Amino acid sequence: MDRLFTDQLGEWKRSCYCGEPRAVGVGREMIFVGWAQTRRDHGGLIFVDLRDRSGLVQVVFNPEVSAASHEKAKQIRSEDVIAVRGLLSRRPPETVNRQLGTGEVELLVHEVKLLNASQVPPFPLDDYAEVNENTRLKYRYLDLRRPESLAHLLLRYRMVKKIRDYLDGLGFIDVETPVLTKSTPEGARDYLVPSRIYPGKFYALPQSPQLFKQILMVAGLDRYYQIVRCFRDEDLRADRQPEFTQLDIEMSFIQPKDVIEMVEGMMARLFKELKGIDLRLPLLRLTWQEARARYGTDKPDVRFGLELKDFSACFQQSQVRVFSAVLQGGGMVKGLSVPGGGTLSRKELDDLTAFVANYGAKGLAWIKLADGEWQSPIAKFLSDQERSGILTITGAKNGDIIFFVAADDPVTHDALANLRLHLGEKLGLIPQDRYALVWVVDFPLLEYSAEEKRHVSVHHPFTAPLDEDIPLLATAPLKVRSKAYDLALNGVEVGGGSIRIHQVEMQKQLLGLLGIDADEAEAKFGFLLEALSYGAPPHGGIAFGIDRLAMILSGAKSLREVIAFPKSQRAVCLLTEAPSSVDPKQLRELGIKTIVDK
RNA sequence: GGGGUCGUAGUUCAGCUGGAUAGAACGCCGGCCUGUCACGCCGGAGGUCGCGAGUUCGAGUCUCGUCGGCCCCGCCA
């Protein structure tokens, strides 16, 4: 039998949030509204924990205070919406609840209004229950009633507010840019929006407002920022959603260090005011080369050591065939030395071998140092010279294990970077309560794409080369470094940007290097090239992943925790069940015919 | 597109090498209870074992396919 509550709120106005009343308010008549979290019915007395976003207050239904209210309260179940009016009272001393901010007081109810009955919730809303994520996301409105879930959104809001305050203080102007815009080549797959007025043509949702913010600099805005939704139609990860929020910043007449210092000030404020942490400025800064060499990645997690070591020189003439073969083929032998790693079992070593295979490594060699002995499948092939080389490079001691990967550059670094993180986690080497920020600078401007058989931008096609490397553009384009900088936080790329090309000839040269001919450039970026030719100032900026920052600052394991209504890994909104089919009439209006059924 | 993992009551899970009527806790329903606060006590209801094939005398359990959640590779300037 469905319960039906018909009371109306009427003139009742809440006195304060449920989590707020304290002993100083005792003796006042108060009204609370909210959701019944639990009801404890003692037959005579009924206690209800009334909850709203601020917390809990205990309300007491006593037949000697109000027989009518006590009678009504028997109907109350979890998640019903009720309003109570009564006397805020001090709890009897032996019943004070120290766990609760409101634990010294309770409301003696004189009158209750039953505003809306709830069905039995599909999962418990207390903090003790671990619930499957798909259930939580389907009933996200219930999930968000849980304080833990709400806290993530709250932290995110406070972070964004502080960012706005900071940038406002520095004279940045928030300007909105179009969401219906033009598809641009390079980069991720676009989300497309069909045009009704021009059948067969499409808008694209922005992957970022990159070109608009540059054009705002040409317009003389000087300092722009925006907190803006961006869209990329690529497969999802724990730290990747198809729509995500970017803090987009652009400034004129600046060098990389101006952006870096501005951002460091912002980070210092966020960490101070949100986490009570004093960042040491300037932040650690690594060149891209150094980050690759020491950590194997351009977004190193510098909360712990376990740095990569290069053994290439040591194994040039090695009897270990896989090593010498790879080296002769132009590859490298690198590895890492794990203090105390000698305890890893054979099974664990096999698992680690399978782990690096994920990243293309054909094998994982290892040496255990135990009681002066070298336990290793390759031990018998190692010369004395190699042994002493290994010890010098690693400083390894008894009880340690040394891993080796031999492959070409991307595979070696990729495999070891991931192995490093994996071992760091597995062996508990990563301090969980620390935040480590690091700038990575001087990225290469270009890399060669074997798949596309041309140069592609490492950052994006509008990134400026380092002044001293400009001559190399004509002679050795792959050696050119760029004025690009990324900020990594605990091994996650949270921000990235660059100084842009502001001279049209240089921009044309760059597009040429990317294999984009003049006609194509004109069709796709004509408006930008034209804008650059009308007195574009030197400019540059940076963009941050707001979701990622919020995720790390709130200690969440997934972006979904800091997004109110996230998509599942298959890019479905489990609440609304988007995407969905549409009425054939809508398709006709758009001049669209689908070629896939369902 | 590929690899891994999970899917059993409303929820979280157990269910062995295939074997009798699929269990527990919490939640839910009914009863009792005036100081509980994850109340307590007594009783009860509740299952398309994700779905579909197959193997078998017999499938929650094995095989194949499929759908969905999560993690990863590819992809993501």
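Owing to the predicted nature of the structure, the values given are computational and were not obtained by experimental measurement. All chains are named by letter (A, B, ...) in the order of the sequence lines, taking the proteins before the strands, and each is independently numbered beginning at 1.
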### Query
Does G23(B) have a Watson-Crick or wobble mate here (both distances under 3.5 Å), and if so which one?
C13(B)
### Query
When the distance from NZ of Lys138(A) to P of G10(B) is rounded to whole Å, what number comes out?
12 Å
### Task
Output yes when Asp235(A) and Arg240(A) qualify as a salt bridge under the 4.0 Å nitrogen-oxygen rule, no when they do not.
no
#### Entry: Residues which pass side-chain hydrogen bond (donor to acceptor under 3.5 Å, both in side chains) with Asn116(A), listed by chain and number, not counting sequence neighbours
none
### Message
Please tell me if Arg570(A) has a side-chain N or O lying less than 4.0 Å from either OP1 or OP2 of G68(B).
### Response
yes
### C1' atoms of G15(B) and G7(B), separation to the nearest Å
15 Å
## Note on the structure
Checking N1-N3 plus N6-O4 or O6-N4 for Watson-Crick, or N1-O2 and O6-N3 for wobble, each under 3.5 Å, the partner of U36(B) is none
### Task
Quick one: label Arg560(A) by what it contacts on the DNA or RNA (base, sugar-phosphate, nothing), any heavy atom closer than 4.0 Å.
sugar-phosphate
### Message
Return the pairing partner of G43(B) with a 3.5 Å limit on both distances, Watson-Crick or G-U wobble; otherwise return none.
### Response
C29(B)
### Task
Round to the nearest Å and state the distance from Lys557(A) atom NZ to C70(B) atom P.
17 Å
#### Entry: Span that lies between the P atom of C57(B) and that of C41(B), in whole angstrom
50 Å
### Task
Sticking with atom C1', work out how far U5(B) lies from G44(B), rounded to a whole angstrom.
38 Å
### Query
How many Å lie between CG on Leu559(A) and C1' on C71(B), as a whole number?
15 Å
### Task
Check whether any side-chain nitrogen or oxygen of Asn132(A) sits under 4.0 Å from OP1 or OP2 of C70(B), and answer yes or no.
no
### Message
Quick check: on RNA chain B, is the nucleotide nearest Ser568(A) upstream (toward 5') of the one nearest Phe123(A), or the reverse? Name the residue that is more 5'.
### Response
Phe123(A)
### Query
What is the base-pairing partner of C70(B), counting Watson-Crick and G-U wobble geometry with both distances under 3.5 Å?
G4(B)
#### Entry: Residue pairs, two or more places apart or on separate chains, that pass salt bridge (charged side-chain N to carboxylate O under 4.0 Å, His left out) and touch residues 569-579 of chain A
none
### Query
Taking only residues at least two apart or on different chains, which pairs with a member in residues 43-65 of chain A satisfy salt bridge (charged side-chain N to carboxylate O under 4.0 Å, His left out)?
Arg40(A)-Asp49(A), Arg51(A)-Glu79(A)
### Message
If I take atom CZ in residue Arg136(A) and atom P in nucleotide U12(B), what distance separates them, rounded to the nearest angstrom?
### Response
11 Å
### Query
So which one's nearest nucleotide on RNA chain B is more toward 5', Ser558(A) or Ala188(A)?
Ser558(A)
### Task
Find out whether Leu511(A) and Leu529(A) are in side-chain contact, i.e. whether some heavy atom of one side chain is under 4.5 Å from a heavy atom of the other.
yes
### Query
Is there any ring pair (Phe, Tyr, Trp, His ring centres under 6.0 Å) pair reaching into residues 38-73 of chain A, and which pairs are they, with sequence neighbours excluded?
His42(A)-Phe47(A)
## Note on the structure
Sorted by chain and number, sequence neighbours left out, ring-ring contact (aromatic ring centres under 6.0 Å, His included) with Tyr359(A) holds for Phe355(A)
### Task
Give Ser208(A) one of three labels, base, sugar-phosphate or nothing, depending on what nucleic acid heavy atoms sit under 4.0 Å from its own.
base
### Query
Rounding to a whole Å, what distance do you find between Glu79(A):CD and G10(B):C1'?
14 Å
### Task
Please state the C1' separation for the pair U66(B) and G10(B) - nearest whole angstrom.
26 Å
### Query
With both distances under 3.5 angstrom, what nucleotide forms a Watson-Crick or G-U wobble pair with U55(B)?
none
### Query
When the P atoms of G52(B) and U61(B) are considered, how many whole Å apart are they?
13 Å
### Query
Going by atom types only, do Gln207(A) and Asp190(A) share a side-chain donor-acceptor pair under 3.5 Å?
yes
### Message
In this structure, how many angstroms lie between the C1' atom of C67(B) and the CG atom of Asn134(A), rounded?
### Response
13 Å
## Note on the structure
Taken in chain and number order and not counting sequence neighbours, the residues that satisfy side-chain contact (heavy atoms from CB on, under 4.5 Å) with Ala450(A) are none
### C1' gap between C13(B) and C29(B), integer Å
23 Å
### Task
Report the distance from atom CZ of Arg146(A) to atom P of U12(B), rounded to the nearest whole Å.
11 Å
### Message
Rounding to an integer number of angstrom, what distance separates G1(B) and U55(B) when you compare their P atoms?
### Response
30 Å
#### Entry: Sugar-phosphate, base or nothing in reach of Val131(A), heavy atoms under 4.0 Å
sugar-phosphate
### Summary
Applied to residues 449-460 of chain A, the salt bridge (charged side-chain N to carboxylate O under 4.0 Å, His left out) test, sequence neighbours excluded, yields Glu186(A)-Arg454(A), Glu452(A)-Arg454(A)
### Task
In whole angstrom, give me the gap between the P atoms of U56(B) and U63(B).
16 Å
### Query
Between His460(A) and Phe462(A), how do the two ring planes meet: parallel, tilted or perpendicular, split at 30° and 60°?
tilted
Look for any protein N or O under 3.5 Å of an N or O in nucleotides 72-74 of chain B and output each such pair with its distance, or none.
| residue | atom | partner | partner atom | Å |
| --- | --- | --- | --- | --- |
| C72(B) | OP2 | Ala238(A) | N | 3.3 |
| C73(B) | OP2 | Arg237(A) | NE | 2.8 |
| G74(B) | N7 | Arg237(A) | NH2 | 2.8 |
| G74(B) | O6 | Arg237(A) | NH1 | 3.0 |
| G74(B) | O6 | Arg237(A) | NH2 | 3.1 |
| G74(B) | N1 | Asp235(A) | OD2 | 2.5 |
| G74(B) | N2 | Asp235(A) | OD2 | 3.1 |

### Query
For nucleotides 27-39 of chain B, read 5' to 3', which letter fits each nucleotide if B means a protein heavy atom sits under 4.0 Å from the base, S means only the sugar-phosphate is that close, and - means neither?
-SSS--BBBBBBB
